[in-house]
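Shown next, in structure tokens, is the structure this report addresses.
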Amino acid sequence: MAIDAVIRGLRRTAPTWNPTALAVIATREGDPFRVLIACILSLRTQDTTTGPASDRLFAEAATPESMLKLTPRRIERLIYPVGFYRTKARVILGICHDLLDRFAGRVPDTIDDLLTLNGVGRKTANLVVTMGYGKPGICVDTHVHRISNRLGYVKTRHPEETEMALRAKLPRRHWIGYNDLLVSFGQNVCTPLSPRCSICPVSSLCRKVGVTKAR
DNA sequence: AAAACGGGGGC
DNA sequence: GCCCCAGTTTT
């Protein structure tokens with residue numbers, strides 16, 4: 001499978017696509033703590049309200065220490081209306097506590113250390129590593145997992161297997177743009193149930209996995 | 001009104 | 001593996 005051909009095809013049409021949650025998080029590039037918190041806010045939400053929400057939160061607290069001075073109620077108010085705002089406020093405080101407790105207030109820079117934080121899974125850990133620390137990382141959310149299967153890249157139900165497969169093909173640089181391109185394609189074109197196959201630049205490669213009615 | 005949607009934890 | 005979490009968006 002010529003992944004490079006796929007990527008080239010996607011890049012041609014990408015400029016007309018709507019921005020993704022990843023693009024919002026990427027504006028925190030170089031600040032691991034902000035990347036981490038923005039990732040938590042974006043979990044299981046499809047909207048772009050996480051951008052303004054994290055802006056409001058960071059205006060009051062942009063470090064673990066200052067975050068812990070906020071009450072859960074205050075954080076809930078600041079991040080509303082993102083989905084799961086109560087759960088996320090609790091998770092954020094738990095993470096901040098843990099960072100001070102076990103990592104001297106610093107956000108870890110390895111996947112394995114990040115995974116020990118409660119509320120951080122493989123997607124978040126990869127994004128912190130690439131966006132926060134500029135190191136190679138591949139973000140496999142459900143979009144990336146789905147399109148990888150449809151394009152015949154992988155044949156698996158397990159996102160972790162997709163992550164390993166894509167990691168082996170990761171380009172030498174520009175990882176943020178690469179991740180965003182894949183997510184963007186899944187969000188804007190190769191959507192879950194009725195993808196917009198008529199405008200898809202790589203439909204000839206598609207296995208149509210899970211497609212009920214193509215547009 | 002109902003179904004689709006999206007990461008991670010706990011078991 | 002399976003179920004749960006809570007709220008918005010799409011059909």
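Sequence lines set the chain letters: A, B, ... in the order given, protein chains first and strands last, and positions in each chain run from 1. As the structure is a computational prediction, the values presented were derived from the model and not from experiment.
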Using only side-chain N and O atoms of [X], determine if any of them is under 4.0 Å from OP1 or OP2 of [N].
{"X": "Arg86(A)", "N": "dG7(C)", "result": "yes"}
{"X": "Thr124(A)", "N": "dG8(B)", "result": "yes"}
{"X": "Thr142(A)", "N": "dC5(B)", "result": "no"}
{"X": "Tyr85(A)", "N": "dG7(C)", "result": "yes"}
{"X": "Thr45(A)", "N": "dG6(B)", "result": "no"}

Please measure how far the P atom in dT10(C) lies from the corresponding atom in dG7(B), and state the result in whole Å. 16 Å
What distance, rounded to whole Å, do you find between the two P atoms, one in dT11(C) and one in dG6(B)? 13 Å
With both pairing distances under 3.5 angstrom for Watson-Crick or G-U wobble, and | for a partner in another strand, the correct string for DNA chain B is |||||.|||||
Is [X] touching bases, backbone alone, or none of the nucleic acid, heavy atoms closer than 4.0 Å?
{"X": "Leu127(A)", "value": "nothing"}
{"X": "Pro159(A)", "value": "nothing"}
{"X": "Val120(A)", "value": "sugar-phosphate"}

Between [atom2] of [N] and [atom1] of [X], the distance in whole Å:
{"X": "His143(A)", "N": "dG7(B)", "atom1": "NE2", "atom2": "C1'", "result": "12 Å"}
{"X": "Gln187(A)", "N": "dC5(B)", "atom1": "CD", "atom2": "C1'", "result": "12 Å"}
{"X": "Asn188(A)", "N": "dT10(C)", "atom1": "CG", "atom2": "P", "result": "12 Å"}
{"X": "Leu115(A)", "N": "dG10(B)", "atom1": "CG", "atom2": "C1'", "result": "16 Å"}
{"X": "Asn118(A)", "N": "dC11(B)", "atom1": "CG", "atom2": "C1'", "result": "14 Å"}
{"X": "Leu193(A)", "N": "dA3(B)", "atom1": "CG", "atom2": "P", "result": "13 Å"}
{"X": "Leu43(A)", "N": "dC5(B)", "atom1": "CG", "atom2": "C1'", "result": "14 Å"}
{"X": "Asn126(A)", "N": "dG8(B)", "atom1": "CG", "atom2": "P", "result": "10 Å"}

Without swapping roles, check the side chain of Lys123(A) against the backbone of Thr142(A) for a donor-acceptor pair under 3.5 Å. no
Just by distance, do the side chain of Lys135(A) and the backbone of Asp109(A) share a donor-acceptor pair under 3.5 Å?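 Yes, Lys135(A) side chain to Asp109(A) backbone: donor-acceptor pair under 3.5 Å.
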Of Ser194(A) and Gly121(A), whose nearest nucleotide on DNA chain B comes first from the 5' end? Ser194(A)
Assess the side chains of Asn188(A) and Ser184(A): does a donor N or O sit below 3.5 Å from an acceptor N or O?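 Indeed, the side chains of Asn188(A) and Ser184(A) share at least one donor-acceptor pair under 3.5 Å.
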Can you tell me if CZ on Arg77(A) sees more than 12 non-hydrogen neighbours from other groups inside 6.0 Å?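 Incorrect, the count does not exceed 12.
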In plain terms, say whether Glu163(A) and Arg167(A) are close enough for a salt bridge, that is, a side-chain N and a carboxylate O under 4.0 Å apart.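 Yes.
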Less than 4.0 Å between a side-chain N and a carboxylate O, is that true for Arg28(A) and Asp55(A)? yes
Taking only the side-chain heavy atoms of [X] (C-beta and beyond), determine which of [options] contains the nearest atom.
{"X": "Arg44(A)", "options": "dG10(B), dG8(B), dG6(B)", "answer": "dG6(B)"}
{"X": "Tyr80(A)", "options": "dT11(C), dG9(B), dT8(C)", "answer": "dT8(C)"}
{"X": "Pro192(A)", "options": "dG6(B), dG7(B), dT11(C)", "answer": "dG6(B)"}

Here's a test of your reading of the structure: between Lys213(A) and Arg157(A), which maps to the more 5' nucleotide of DNA chain C? Arg157(A)
Quick check: on DNA chain C, is the nucleotide nearest Thr87(A) upstream (toward 5') of the one nearest His158(A), or the reverse? Name the residue that is more 5'.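 Residue closer to the 5' terminus by nearest nucleotide: His158(A).
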Any chance you could measure [X], atom [atom1], to [Y], atom [atom2], to the nearest 0.5 Å?
{"X": "Leu114(A)", "Y": "Thr124(A)", "atom1": "CG", "atom2": "OG1", "value": "9.0 Å"}
{"X": "Arg207(A)", "Y": "Ser148(A)", "atom1": "CZ", "atom2": "OG", "value": "11.0 Å"}
{"X": "Phe185(A)", "Y": "Leu151(A)", "atom1": "CZ", "atom2": "CG", "value": "5.5 Å"}

